[in-house]
Amino acid sequence: MRLETTLRDGQAALIRPIEPGDKWRLQEGLKALSPESRYRRFFREIDHFTAEQLRYLTEVDGHNHVAWIAIARDDVDIPGLGVARWIRIVDQPTVAEAAVTVVDQFHGQGLGSTLMWLLAKSAIEQGITDFRVWALGENAPILHLLASFGIKPRGWEGGVAELLVPLPASVDDLDKTPAPLILKATATGELVGRARPEIPVGTELETGPIEAVPQL
């Protein structure tokens with residue numbers, strides 16, 4: 001599936017499944033994130049992806065690991081605008097880690113909402129019923145907001161809260177759930193998906209404190 005959309009500034013964007021040839025786009029996209037954005041997503045300074053991380057992030061199977069990339073349709077010099085991905089948890093096959101990242105320059109252009117919709121749609125179609133995300137315990141505003149939707153931490157470790165966000169049976173009902181809010185929070189760095197690039201698809205995801213978790 002390929003989707004063309006027009007951003008609020010009039011620029012045309014193409015969103016498509018990520019491909020192995022997109023490694024350079026992710027590497028350059030990471031550089032395009034501000035230091036603050038990188039820190040909020042990875043919880044440490046990070047300025048490049050390793051070859052193994054790039055392989056993990058771009059060579060996906062489309063079933064247990066799904067990723068979408070947004071690129072500028074008419075400007076080949078812009079490497080990438082944003083990425084959305086989910087990764088199925090092996091021992092909980094209806095649950096997936098989810099993450100959305102939009103390059104700072106393109107915040108507020110409506111791209112994050114489109115990526116979130118595609119992310120949820122593809123997950124629902126593949127049998128995912130819940131997204132799992134994580135939040136720093138010190139982020140009281142987002143935790144209080146989630147609690148207002150009945151979403152409370154399932155557990156705590158190292159000052160980090162684990163949250164399970166239900167998805168509707170149909171993408172048509174997505175706006176009736178808190179899922180869009182949660183995914184938007186991952187795009188701004190307030191919540192984090194913990195799909196670790198050093199763990200191959202098909203193996204159990206680790207649990208524990210959040211460390212550096214590339215999401216692009």
Side-chain angles (χ1 to χ4, degrees), residues 3 5 7 9 11 13-62 65-87 96-116 118-119 122 131-136 139 160 182-201 205-206 209-216:
L3 175 68
T5 186
L7 305 184
D9 65 0
Q11 182 171 187
L14 172 67
I15 304 176
R16 58 166 173 76
I18 206 163
E19 301 171 351
D22 290 320
K23 291 180 177 64
W24 73 275
R25 294 183 184 278
L26 294 198
Q27 197 72 280
E28 293 302 311
L30 177 63
K31 296 176 183 178
L33 292 176
S34 68
E36 179 183 2
S37 291
R38 286 185 226 166
Y39 191 81
R40 291 179 72 180
R41 284 159 175 77
F42 310 129
F43 297 99
R44 69 172 174 86
E45 297 296 331
I46 177 172
D47 60 6
H48 73 282
F49 293 128
T50 66
E52 183 179 359
Q53 288 172 340
L54 288 171
R55 179 199 62 77
Y56 179 86
L57 294 169
T58 60
E59 299 178 22
V60 305
D61 65 8
H65 185 169
V66 173
W68 300 87
I69 187 168
I71 61 176
R73 192 191 65 186
D74 302 320
D75 191 342
V76 296
D77 293 328
I78 300 178
L81 315 182
V83 173
R85 74 175 66 245
W86 59 263
I87 300 176
E97 307 281 359
V100 178
T101 301
V102 175
V103 173
D104 296 63
Q105 179 184 349
F106 298 97
H107 286 181
Q109 296 293 323
L111 181 59
S113 296
T114 303
L115 285 169
M116 287 184 272
L118 281 171
L119 191 74
S122 62
F131 280 150
R132 189 169 72 179
V133 296
W134 301 77
L136 289 173
N139 194 342
V160 176
I182 307 307
L183 293 174
K184 182 178 180 180
T186 70
T188 60
E190 294 177 282
L191 294 173
V192 173
R194 290 192 62 242
R196 294 173 180 265
E198 65 270 23
I199 302 177
V201 174
L205 294 177
E206 293 182 0
I210 293 178
E211 297 174 1
V213 188
Q215 297 175 37
L216 281 176

Search all heavy atoms of Ala32 against all heavy atoms of Val103 and return the closest pair with its distance. CB-CG1, 3.6 Å
For a quick test of reading the model, state the closest non-hydrogen atom pair linking Ala70 to Leu111 and the distance between them. CB-CD1, 3.7 Å
Do Leu33 and Asp104 touch side chain to side chain, with heavy atoms closer than 4.5 Å? yes
Any side-chain heavy atom of Val60 sitting closer than 4.5 Å to one from Arg85? yes
Side-chain contact test, heavy atoms from C-beta onward, threshold under 4.5 Å: evaluate it for Ile69 versus Val83 and give yes or no. yes
If we only count heavy atoms from C-beta on, is the His48 to Gln53 side-chain gap below 4.5 Å? no
Side-chain contact, heavy-atom cut-off 4.5 Å: Gln109 with Thr5? no
Which heavy atom of Tyr56 sits nearest a heavy atom of Ile87, and at what distance? OH-CD1, 3.2 Å
Take Glu59 and Lys23 through the test side chain to side chain contact (heavy atoms under 4.5 Å, CB included) and record every step on the way to the result. CA-CA 9 Å; Glu59 299 178 22; Lys23 291 180 177 64; 2.9 Å; yes
Please report the interatomic distance CD(Glu52) to CZ(Arg55), rounded to the nearest 0.5 Å. 6.0 Å
Kindly give the heavy-atom pair with the smallest separation between Trp86 and Ser122, and that separation in Å. NE1-OG, 3.0 Å
Do any N or O atoms from the side chain of Gln27 and from the backbone of Phe49 form a donor-acceptor pair under 3.5 angstrom? yes
Measure across Gly80 and Ile71 and return the closest heavy-atom pair with its distance rounded to 0.1 Å. CA-CG2, 4.5 Å
So, do Leu119 and Phe131 sit near enough that their side-chain heavy atoms are less than 4.5 Å apart? yes
Rounded distance [0.5 Å steps], CD in Gln105 versus CG in Asp9: 8.5 Å
Which atoms form the tightest heavy-atom contact between Ile18 and Thr58, and what is the distance? CG2-O, 3.9 Å
